[in-house]
Amino acid sequence: MRGSFLYIFGGIMDYRKTVIDKLKEVDSIKDIDIESILEIPKDSSMGDFSFPCFRLASVFRKSPDAIANEIAAVIKTDLNIKKIEVVKGYLNFFINKSKMMEETFEKIFSLKERYGFSYIGEKKNVIVEFSSPNIAKPFHIGHLCSTVIGNSLANIYEALGYHVIKVNHLGDWGTQFGKLMVAYENWGDDEKLKEEPIKELLRIYVKFHDEAEENPSLEEQARYRFKLLEDGCEKETQLWEYFRTMSLKEFEKIYRRLNISFDSYAGEQFYSDKMPEVISLLEEKGLLVDSQNAKVVNLDDYDMPPCLIVKSDGASIYATRDIAAAIYRVRNYHFDKNLYIVGTPQALHFKQFFKVLELMGYPWSSDCRHIGFGLVKFKDKKLATRKGDVINLEEVLDESVARTLDIMKQSASEVDDYTKTSEIVGIGAIIFTFLKKTRERDLIFSWEDTLNFEGETGPYVQYSYSRAKSILRKANFNENTPYDCDYLKEEVEIDLLSKLSKFGEMILEAAKRDEPSVIARYAVNISQTFNSFYNANRVIVEDKNVMNARLNLVYAFSIVIKNALALLGIEVVEIM
RNA sequence: GUGCCUGUAGCUCAGCUGGAUAGAGCAACGGACUUCUAAUCCGUAGGUCGGGGGUUCGAAUCCCUUCAGGCACGCCA
């Protein structure tokens, strides 16, 4: 597997292979698993690759230092490996930087917006199910997590050559629709529903629950109405469509602002007619047992509670719909991976339903994965509005944009379009905040960490990009400007280019861990290096050779940072 | 009660398959704009990696135990 990566990426991976090959030629250690021992040191002053000899000490009955020295004596340097050093039991390899820099430039400039991408996923399908808001309920902050993470993962898989199917598994089915119908007929206001559909639907939904406490028969009515909906009764179906259309209209507004689209909106309702098959399949395999008037799959043998398949009133439930959806997807998309971007609180549900798929005899159950994420908490109390702890997302986005505009107006930049720029930067700041931490950790949201003038934020990365572009503009840079890497002598210059060479590996790691934060952190990291570079070194200088080399470095950076942000679903601005 | 997750600097977080002095960013303090946008940069200070055992040449990382917090445990999704 690794071999094929080398092919595609070149860059640092080629050098790794060279080092491994050299070590393998050493007779005394040829049987050792060199590949797993070889590592990349933390500090570049300790080389580009390091081979710790501690484990060999007991085998050879010699000190690690002595072993390292013996190996070092045998290995010869060459065009790729410039220097080999022995330090405290480590064998440190230094690669030929100017060759590496040359190669990196070539790759970036020839591939441009496809730099870092590869083809390892070619002809493979990945389904990413994400966002999945509930009809008639507010699009809350958890959905935003799912939306932003899912979209980024979709981008990341696409960059690896996979064919990605983005599915919005709408929560458009279930007993809550029975409740809504009862509520709508009793307390609904059509005018308000047209103005602010979600708000009004939520109001009557809450009202229903309040009333139902006094009058339990409402619950029964609701269950009955949902049953009618499932049976396809016309009146109920019409109401359902009405609620769905109105809600989607409002969700679309957010998707448009986030620049996110889907390949499928097949939600729970879509699978409602596919469930009898699921139930008969389960019955055929003898998995379904009666329990308290309901039907379940017993999972005692796997230390899990049973998985409910049919409710006691005969109606469907989410597990059944998820099973139907998975079967539908494998038949229609022949997926290689089927990812569910859903909060970690639902981990058990996914474990159960994947297990049921396995018990049904589907080997592809192991290709289904739950990509969980943590909760969003608020440090800034002001963000959490009253009315039932529901946060209006539009307001969050608007506030971010407004604060961004404020900051922009204070700065000395020559922004031409404040409205457009603040929108991109403000939205980007929110997206970045959601993606920079590892998924499963809870997010503690604060405006300071999101929009701070300084720090690891979206605006910081976008600013770095716009500075780079500004320099290129001032210098009238064009792509034919020649470069000679020998004029990039500064440590920070070499460091920056070396980091740019690792972008492809970052994408691989992000996909391997289903972790967009890998890309977000990388973007911050190269931005920091870039900022150090341009603060310490002028780009536009007298010496044409130095200037051209630096301009190309700035250009290379701008390409990589733009690609990285694109993977996160964040746009760049030329001036900010 | 059972299971899962989290616990790293005052705050928010990195830390890959165990490896060389535990890294950033905020906030604090001190510096850098006649020079490519100072939403930037440079420097200082700040840590018993929750506690305790164990495995190992070597542990934030693996195992056990304990404490603290969170979440989930059939007719909601």
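Residue numbers start from 1 in every chain, and the chains themselves are labelled A, B, ... in the order their sequence lines are given, proteins ahead of strands. Bear in mind the structure is a predicted one, so any value in this text is a computation, not a measurement.
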*Within the structure shown, what part of the strands sits under 4.0 Å from N298(A) by heavy-atom distance: base, sugar-phosphate, or nothing?*
nothing
*For each nucleotide in nucleotides 55-63 of chain B, reading 5' to 3', give B when a protein heavy atom comes within less than 4.0 Å of its base, S when such contact involves only the sugar-phosphate, and - otherwise.*
--B------
*Across the strands shown, which category fits M46(A) at heavy-atom distances under 4.0 angstrom: base, sugar-phosphate, nothing?*
base
*Under 4.0 angstrom, heavy atoms only, what part of the nucleic acid is G174(A) near: base, sugar-phosphate, or nothing?*
sugar-phosphate
*asked:* According to salt bridge (Lys or Arg N to Asp or Glu O under 4.0 Å), who are the partners of R369(A), at least two apart in sequence or on a separate chain?
replied: D514(A)
Could you pull out the protein-nucleic contacts involving nucleotides 24-26 of chain B (nitrogen or oxygen on both sides, under 3.5 Å)?
residue, atom, partner, partner atom, Å
A24(B), O2', E456(A), OE2, 2.7
A24(B), O2', Q528(A), NE2, 3.3
G25(B), O4', E456(A), OE2, 3.3
G25(B), O2', E456(A), N, 3.2
C26(B), OP1, E454(A), OE1, 3.3
C26(B), O2', E448(A), OE1, 3.1
C26(B), O2', E448(A), OE2, 3.3

Only pairs under 3.5 Å count here: list side-chain donor-acceptor contacts from residues 343-357 of chain A, not counting sequence neighbours, and write none if there are none.
residue, atom, partner, partner atom, Å
T344(A), OG1, F373(A), O, 3.3
H349(A), NE2, D322(A), OD2, 2.7
Q352(A), NE2, P305(A), O, 2.7
Q352(A), NE2, P306(A), O, 3.2
K355(A), NZ, E358(A), OE1, 3.2

_Please report the interatomic distance CZ(F226(A)) to CZ(F177(A)), rounded to the nearest 0.5 Å._
8.5 Å
*For the base of U37(B), is there a side-chain donor-acceptor partner from S466(A) under 3.5 Å away?*
yes
_Holding to salt bridge (Lys or Arg N to Asp or Glu O under 4.0 Å), I want the full list of residues that pass it with D442(A), two or more places apart in sequence or in another chain._
K377(A)
*Partner residues of E85(A) under the salt bridge (Lys or Arg N to Asp or Glu O under 4.0 Å) criterion, sequence neighbours left out*: K83(A)
*asked:* Is it the case that the base of A39(B) and the side chain of Y463(A) share a donor-acceptor contact (distance under 3.5 Å, atom types as modelled)?
replied: no
*Could you name each residue pair satisfying side-chain hydrogen bond (donor to acceptor under 3.5 Å, both in side chains) that touches residues 540-553 of chain A, not counting sequence neighbours?*
Y487(A)-N545(A), E493(A)-R550(A)
*By salt bridge (Lys or Arg N to Asp or Glu O under 4.0 Å), which residues pair with E39(A), not counting sequence neighbours?*
none
*For S558(A), check side-chain contact (heavy atoms from CB on, under 4.5 Å) against everything at least two apart and list the hits.*
Y465(A), A468(A), K469(A), L472(A), Y555(A)
*Side chain of S50(A), base of A20(B): donor and acceptor closer than 3.5 Å?*
yes
